[in-house]
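For the numbers below, each heavy atom of this structure counts, side chains included, while hydrogens, waters and symmetry mates do not. Source: prediction; values computed, not measured.
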Amino acid sequence: MSSNLADTMPFSKLMGVHIVEADKSGVKGELTVRSDLCTAGNIMHGGAIMAFADALGAVGAFLNLPEGAKGTTTIESKTN
């Protein structure tokens with residue numbers, strides 16, 4: 001993909017989310033493990049992983065909006 005749709009979402013851009021592929025059928029992305037996204041012991045923070053998943057979901061939802069729709073937002077997102 002020539003432009004990174006995640007760059008249009010300020011928090012995703014701050015985290016370093018990179019969209020590798022995106023179309024109506026799916027979204028693939030990357031997030032580099034960095035110390036500022038980790039807990040003690042250099043383990044990726046669960047919140048960072050969830051925010052990454054949310055960003056990919058947002059791109060997928062955006063790409064599947066019906067023609068004329070202005071935008072989308074997350075209604076519910078959770079992890080167990």
Exercise for the section: Before giving the answer on side chain to side chain contact (heavy atoms under 4.5 Å, CB included), spell out for H45 and L37 the whole-Å C-alpha distance, their side-chain angles and the decisive distance to 0.1 Å. Expected result: CA-CA 6 Å; H45 191 284; L37 297 177; 5.8 Å; no
Exercise for the section: State, yes or no, whether a side-chain contact exists between V27 and L5 at a heavy-atom distance under 4.5 Å. Expected result: no
Fill in the blank from the handout: Between A6 and S12, the two heavy atoms sitting closest are O-CB, 3.8 Å
Problem - K13 backbone acceptor or donor facing D7 side chain under 3.5 Å - result: no
Completion exercise
Taking every heavy atom of A51 against every heavy atom of F11, the minimum-distance pair comes out as CB-CE2, 3.7 Å
Exercise for the section: Tell me whether V33 is reachable from I43 by hopping between hydrophobic residues (I, L, V, M, F, W, Y) whose side-chain heavy atoms are closer than 4.5 Å. Expected result: no
Handout entry: Min side-chain heavy-atom separation L31-M44 under 4.5 Å
Key = yes
Handout entry: side chain to side chain contact (heavy atoms under 4.5 Å, CB included) assessment of I19 paired with L56
Key = CA-CA 8 Å; I19 305 301; L56 298 184; 3.5 Å; yes
Practice task
Would you name the heavy atoms of N64 and G60 that are closest together and state the gap between them?
Solution key: ND2-O, 2.8 Å
Problem - Nearest heavy-atom neighbours spanning R34 and M15 - result: NH1-O, 2.6 Å
Practice task
With rounding to the nearest 0.5 Å, note down the distance linking CG in L65 to NZ in K24.
Solution key: 9.0 Å
Handout entry: Validation row: T32, H18 side chains within 4.5 angstrom (heavy atoms)
Key = no
Problem - From L14 atom CG to M9 atom CE, the distance as rounded to the nearest 0.5 Å - result: 12.5 Å
